[in-house]
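Notes follow the structure.
Sequential numbering from 1 along the given sequence is applied to the chain's residues. Computed from a predicted structure; not experimentally measured.
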Amino acid sequence: MTRRYHVFVNADAGSVTETEQQTKEITDRFREAAVDATVTAVDPELLADAMRDVWESGTDAIVIAGGDGTVNCAAGVAVEVGMVLGVLPMGTFNHFAKDLGVPQDLAAAVEYLADAPVEAIDVGEVNGTVFVNNASIGVYPKMVGLRDAIRERHGWGKVRAVPVAVIGTLRRLPTHRLRLTIDDNATVTVATPFLFVGNGLFDQHGERLGKRTSLADHRLGVYVIATNSRLRLIANAITARVRGIDAAGATDRRAAEGLVVDSDDGAVEIALDGEPTELRVPLHFRSRAGALRVLATSTDRNGD
């Protein structure tokens, strides 16, 4: 039986001509893969409603052609409705697509999605908002804010703006005093420039650092940097990259099913799948086991 997919392309990702060309190319690729695919460009602000309408009308899967920020929005809707989600990696970094095993080349990605079975994977959640990759407090959301300001001011792309934003962030390193309660254990207070909460546990070593071994281990990876020194923060990052997180003495890592983050501030800036926002404290994190259905050949990366 021929599969039916509805593919949504971010209409704000380029010019009208570029979007039309992209839509045509995706349509042709799915046709070659013997998939009945309807491809439409949509304003990101209208994506959630468009997804619900299409799913109610009937389709085998909703495929998102975009990056991690767009996928984050789509994943929240997919979890809410119970729809099947596919990802065409067309963003800057595409971390989620990579962890799903989706090839970065368009033709190969379409072939992958044409044959991929449906698997249930975990998502992270904080105060009712879903994230598929990670949530972070401290240096990362500050860097993203600076990056976006630089892009708006100079018209640069993300890759060009990031190094300048990193330098600006390190010049005035943000420090947050947070109270952490992991799995209802004793609360600890930390002063940290960087709290990272992963949807799943991340590999600790070498080239696989930053990649997940599984998308269905039902746990959050909690990582806290315990230094307020710029030089030690940089050295810690280099050590983690070269020798693994275990060798990076300033990093405390835990596996958790749930986490509560509180502070004396009324709200904190947090990045969810790379997109900065502000949430009221306390922040209640949890792992939602098997909450998202995706097109993927395997969600276990231990054998990679």
Side-chain angles (χ1 to χ4, degrees), residues 3-27 29-30 35-100 102 104 106 109-110 113 116 118 120-121 123-135 144 148 151-152 158 199 215 270-279 288 291-296:
R3 291 189 177 188
R4 292 182 303 147
Y5 294 166
H6 196 109
V7 184
F8 285 108
V9 178
N10 185 348
D12 285 350
S15 67
V16 173
T17 300
E18 290 171 337
T19 300
E20 289 176 348
Q21 291 174 342
Q22 190 179 68
T23 298
K24 183 180 184 304
E25 184 177 7
I26 294 171
T27 302
R29 292 296 185 183
F30 273 109
V35 174
D36 180 8
T38 301
V39 185
T40 57
V42 63
D43 184 321
E45 294 185 1
L46 304 177
L47 176 61
D49 288 338
M51 288 175 62
R52 293 187 184 97
D53 290 342
V54 167
W55 187 253
E56 290 177 3
S57 299
T59 189
D60 294 320
I62 301 289
V63 177
I64 301 300
D68 290 316
T70 308
V71 172
N72 171 276
C73 173
V77 180
V79 168
E80 172 194 332
V81 178
M83 64 182 65
V84 177
L85 192 68
V87 180
L88 272 179
M90 304 189 77
T92 304
F93 300 111
N94 305 307
H95 295 299
F96 185 60
K98 290 175 183 176
D99 281 342
L100 286 177
V102 182
Q104 300 301 291
L106 176 60
V110 167
L113 294 174
V118 177
I121 66 170
V123 296
E125 183 184 274
V126 54
N127 290 10
T129 300
V130 164
F131 58 94
V132 294
N133 292 326
N134 57 70
V144 171
D148 291 345
R151 293 184 65 200
E152 184 175 350
K158 286 184 180 180
N199 171 36
L215 295 176
I270 184 170
L272 301 176
D273 294 332
E275 299 297 318
T277 187
E278 190 173 79
L279 294 178
R288 294 186 59 180
L292 177 61
R293 295 195 295 161
V294 294
L295 295 171

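Remark: of the listed residues Ile26, Thr70, Val9, Ile26 is the sole one forming a side chain to side chain contact (heavy atoms under 4.5 Å, CB included) with Met90. Of the candidates Asp36, Thr38, Thr59, Thr40, His6 forms a side chain to side chain donor-acceptor pair (under 3.5 Å) with just one, namely Thr40.
No side-chain heavy atom of Asp273 sits under 4.5 Å from any side-chain heavy atom of Phe96. Asp60 is not listed as a side-chain neighbour of Val84, based on a closest heavy-atom distance of 4.5 Å or more. Residues Leu88 and Phe30 meet the side-chain proximity criterion, which asks for heavy atoms closer than 4.5 Å. Side-chain contact check for Val294 versus Val118: every heavy-atom pair is 4.5 Å or farther apart.
In this structure, Glu278 places its CD atom where more than 12 heavy-atom neighbours from other residues, nucleotides or ligands lie under 6.0 Å away.
Between the side chain of Tyr5 and the main chain of Leu113, a donor-acceptor pair closer than 3.5 Å is present. Side chain of Arg3 to backbone of Ala61: no donor-acceptor contact under 3.5 angstrom is found. At distances below 3.5 Å, not a single donor-acceptor pair connects side-chain atoms of Asp53 with backbone N or O atoms of Ala50.
Considering all non-hydrogen atoms of both residues, Val77 and Ala48 come closest at CG2-CB, 3.6 Å. Minimum interatomic distance between Ala135 and Leu272 (heavy atoms only, all atoms of both residues): CB-CD2, 3.5 Å. Listed here is the closest heavy atom pair of Arg151 and Lys158: NH1-CG, 3.3 Å. Closest approach of Ala97 and Val87 over heavy atoms only: CB-CG1, 3.9 Å. Summarising the geometry of Val102 relative to Pro89, their closest heavy-atom pair is CG1-CD, 3.6 Å, with the distance given to 0.1 Å. Closest approach of Gly66 to Asn94, counting heavy atoms only: O-OD1, 3.7 Å.
Here CD of Gln21 is found 9.5 Å from NZ of Lys24. Values are rounded to the nearest 0.5 Å. Remark: Thr23 OG1 to Glu18 CD distance equals 11.5 Å, nearest 0.5 Å. Rounding to the nearest 0.5 Å gives a distance of 6.0 Å between CG of Leu106 and CZ of Arg29. Considering CE of Met51 and SG of Cys73, their distance stands at 7.5 Å, rounded to 0.5 Å. For the atom pair CG of Leu215 and CG of Asn199, the computed distance is 7.0 Å after rounding to the nearest 0.5 Å.
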List the steps, then state whether side chain to side chain contact (heavy atoms under 4.5 Å, CB included) holds for Leu47 with Ile64.
CA-CA 10 Å; Leu47 176 61; Ile64 301 300; 4.2 Å; yes
Which is it for Phe8 and Val54 under the side chain to side chain contact (heavy atoms under 4.5 Å, CB included) test, yes or no, and what are the steps along the way?
CA-CA 10 Å; Phe8 285 108; Val54 167; 3.7 Å; yes
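Classification of the Phe93-His95 ring pair by plane angle, with boundaries at 30° and 60°, yields parallel.
Between Glu275 and Asn72, the side chains place no donor N or O within less than 3.5 Å of an acceptor N or O (distance only, hydrogens not considered).
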